[in-house]
Visitor: 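Before I ask anything, here is the structure I am working with.
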Protein chains: 2
Amino acid sequence: MEYQEAKEKFISTWGSLGTLWGINKAMAQIQSLLFISTKPLSMEEIMEELKISRGNTSMNLRQLMDWGIVTKELIPGERKEFFTTEKDVQELARHIAKERSRREIKPVIKILKDVSSIKDDGTEKTKELIKQTKALYDLAETADAMMNKIVNQEQNWMTRSLLKLIK
Amino acid sequence: MEYQEAKEKFISTWGSLGTLWGINKAMAQIQSLLFISTKPLSMEEIMEELKISRGNTSMNLRQLMDWGIVTKELIPGERKEFFTTEKDVQELARHIAKERSRREIKPVIKILKDVSSIKDDGTEKTKELIKQTKALYDLAETADAMMNKIVNQEQNWMTRSLLKLIK
DNA sequence: CTAAACTTTCAATAATTTATGAAATATATT
DNA sequence: AATATATTTCATAAATTATTGAAAGTTTAG
């Protein structure tokens with residue numbers, strides 16, 4: 001496999017993985033393009049490379065910046081804006097995990113808590129609803145806490161966390 | 001909040017969470033309906049409850065069965081088929097984690113491995129591609145291993161894993 | 001201040017995904 | 001075997017989501 005083929009394979013794989021996880025294709029592809037680029041890229045270059053429109057590029061770059069994994073780079077003497085992504089995979093994972101917890105997990109946990117706290121009217125179906133949503137609440141909270149714990153450790157957290165677990 | 005409201009809130013929240021994570025709404029809703037039901041439900045009852053068509057119900061039940069989280073229940077004397085979902089949240093999480101690893105993570109890891117193994121032609125861009133995809137490969141493999149480790153422990157694995165990590 | 005370079009917004013459109021419903025198939029009952 | 005009941009399939013419709021491109025908005029340079 002040559003460079004070009006490998007690059008395309010990487011970008012398209014990442015794009016479709018994104019889709020599978022509820023992230024849109026262009027967004028995932030822009031990020032992966034930046035991830036393997038040796039230098040910051042301009043909007044023009046991204047459009048060109050991925051064959052997507054200006055509007056699409058602009059909107060998805062904004063989203064990536066909202067997620068905190070892409071930043072504008074100002075290059076002296078250049079009028080255009082350039083973009084880079086977080087290059088450290090662990091840092092990247094940390095950002096994504098944090099954001100996803102905040103945006104998606106936490107609100108659901110809140111609702112599970114509310115639902116599992118309804119008044120027990122003594123009927124079987126109410127008991128079941130309370131019991132099951134309570135169990136889900138506990139699981140979600142533990143999983144979320146665990147995630148944050150793992151992710152908020154210093155360098156090499158993942159490997160070290162894994163070692164701990166294996167013991 | 002009364003039973004009916006709580007129930008609807010739970011089902012619709014679960015449905016939209018599903019959507020966010022690349023699982024379709026009907027599938028998530030059927031599963032959540034079964035999850036809080038006190039007895040197995042027939043296709044008829046599911047359709048009625050969620051106001052979805054017969055075809056939709058049939059297709060999504062099949063998918064849930066493919067995922068291994070819903071099973072057919074044969075009720076003596078009944079001609080219809082009835083369905084239940086795994087009621088134990090930890091067992092449920094285990095199933096989902098395993099399947100997701102097998103279907104989605106493993107194939108991507110494979111591709112990352114391939115891409116990161118291309119011949120180093122000495123150019124900067126090739127070096128970067130190799131370096132970055134290698135880092136991603138390592139991360140993905142560690143994360144996947146960790147997931148499986150956590151999930152393949154006996155009862156209360158999650159709480160116990162968390163305790164280990166806190167120490 | 002004005003013009004050029006560049007970016008953002010957003011209505012229109014395209015692409016993709018999901019849902020419907022009726023015909024086809026399968027299974028059970030008499 | 002014939003009939004009734006139940007389930008699946010699949011072409012088509014509907015809904016949702018992503019993309020385009022051109023107009024509007026910004027910023028910088030002269």
Side-chain angles (χ1 to χ4, degrees), chain A residues 11-34 40-67 70-84 103-104, chain B residues 11-34 39-67 70-85 103-104:
Chain A
I11 292 173
S12 85
T13 302
W14 220 237
S16 49
L17 185 70
T19 301
L20 208 55
W21 286 76
I23 288 155
N24 101 351
K25 200 177 95 191
M27 191 171 153
Q29 291 193 337
I30 293 172
Q31 198 277 328
S32 59
L33 177 63
L34 293 173
L41 299 180
S42 68
M43 234 174 72
E44 214 69 42
E45 291 170 306
I46 296 168
M47 289 166 57
E48 157 69 18
E49 189 84 45
L50 302 177
K51 307 272 181 273
I52 59 179
S53 72
R54 186 174 299 283
N56 200 1
T57 308
S58 171
M59 287 165 100
N60 286 104
L61 277 170
R62 155 168 297 287
Q63 283 213 74
L64 285 163
M65 289 188 286
D66 289 349
W67 271 82
V70 161
T71 47
K72 273 186 191 163
E73 195 90 349
L74 297 172
I75 295 191
E78 284 279 8
R79 180 100 167 248
K80 288 197 201 78
E81 294 175 326
F82 288 77
F83 301 88
T84 40
R103 300 179 187 208
E104 299 165 7
Chain B
I11 292 173
S12 83
T13 301
W14 219 236
S16 48
L17 185 71
T19 302
L20 208 54
W21 285 75
I23 287 153
N24 101 350
K25 201 176 99 191
M27 192 170 153
Q29 292 193 337
I30 293 171
Q31 198 277 328
S32 59
L33 177 64
L34 293 173
K39 59 179 206 326
L41 300 179
S42 67
M43 235 174 71
E44 213 70 43
E45 291 169 306
I46 294 169
M47 288 166 57
E48 159 69 18
E49 189 85 44
L50 302 177
K51 306 275 184 270
I52 58 178
S53 73
R54 186 174 299 284
N56 199 4
T57 308
S58 170
M59 287 166 101
N60 285 106
L61 277 169
R62 156 169 298 286
Q63 283 214 71
L64 286 164
M65 288 188 287
D66 288 348
W67 270 82
V70 161
T71 47
K72 273 187 190 162
E73 196 91 348
L74 297 173
I75 295 189
E78 283 280 10
R79 178 102 164 244
K80 288 196 200 78
E81 294 175 326
F82 288 77
F83 300 88
T84 42
T85 190
R103 298 180 189 208
E104 300 165 8

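Order of the sequence lines fixes the chain letters, A, B, ..., with proteins taken first and strands second; residue numbering starts at 1 for each chain.
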Visitor: Figure out the CZ/C1' separation between B:Arg79 and C:dT29, and round it to whole Å.
Guide: 6 Å
Visitor: With DNA chain D as reference, determine whether B:Phe83 or A:Gly22 sits nearer its 5' end, using the nearest nucleotide of each.
Guide: B:Phe83
Visitor: Rounded to whole Å, please give me the gap between CD1 in A:Ile30 and C1' in D:dT19.
Guide: 12 Å
Visitor: From C-beta outward on B:Lys72, which listed nucleotide comes closest to its side chain: D:dT19, C:dT9, D:dT8?
Guide: D:dT8
Visitor: Would you indicate which nucleotide in C:dT9, D:dC10, D:dT8 comes nearest to any side-chain atom of B:Met59?
Guide: D:dC10
Visitor: Nearest to the side chain of A:Asn24, heavy atoms from C-beta on, is which of D:dT19, D:dT17, C:dA19?
Guide: D:dT19
Visitor: Salt bridge check, B:Glu45 against B:Lys39: does any charged N sit closer than 4.0 Å to a carboxylate O?
Guide: yes
Visitor: Is the number of heavy atoms from other residues, nucleotides or ligands within 6.0 Å of CD (B:Glu78) greater than 12?
Guide: yes
Visitor: Categorize B:Asn56 for me: base, sugar-phosphate, or nothing, with a 4.0 angstrom heavy-atom threshold over every strand shown.
Guide: base
Visitor: Take A:Leu61 and B:Arg54, find for each the nucleotide of DNA chain C with the closest heavy atom, and name the residue whose nucleotide sits nearer the 5' end.
Guide: A:Leu61
Visitor: Among D:dT19, C:dC6, C:dT9, which nucleotide has an atom closest to any side-chain atom of A:Ser58?
Guide: C:dT9
Visitor: In whole angstroms, how far is the P atom of C:dT18 from the CD1 atom of B:Ile23?
Guide: 11 Å
Visitor: So among B:Val70, B:Leu64, B:Ile30, which one has a side-chain contact (heavy atoms from CB on, under 4.5 Å) with B:Thr85?
Guide: B:Val70
Visitor: Given atom CG of B:Leu74 and atom P of D:dA6, what is their separation to the nearest angstrom?
Guide: 14 Å
Visitor: If you pin B:Lys25 and A:Met65 to their nearest nucleotides in DNA chain C, which one's is more 5'?
Guide: A:Met65
Visitor: I need the CG-C1' distance between B:Asn60 and D:dC10, as an integer number of Å.
Guide: 15 Å
Visitor: I need the CD-C1' distance between B:Gln63 and C:dA19, as an integer number of Å.
Guide: 13 Å
Visitor: With a sphere of 6.0 Å drawn around CD of A:Glu104, does it hold more than 12 non-hydrogen atoms of other residues, nucleotides or ligands?
Guide: yes
Visitor: With a non-hydrogen cut-off below 4.0 angstrom, is A:Glu44 in contact with a base, only sugar-phosphate, or nothing?
Guide: nothing
Visitor: Can you tell me the distance, in whole Å, between the CD atom of A:Glu48 and the P atom of C:dC6?
Guide: 16 Å
Visitor: Can you tell me how far P of C:dC6 sits from CG of A:Leu41, to the nearest Å?
Guide: 16 Å
Visitor: With a 4.5 Å cut-off on side-chain heavy atoms, are A:Ile52 and A:Asn60 touching?
Guide: no
Visitor: Identify which nucleotide among D:dT20, D:dA18, C:dT20 has an atom closest to any side-chain atom of B:Ser53, counting heavy atoms from C-beta outward.
Guide: C:dT20
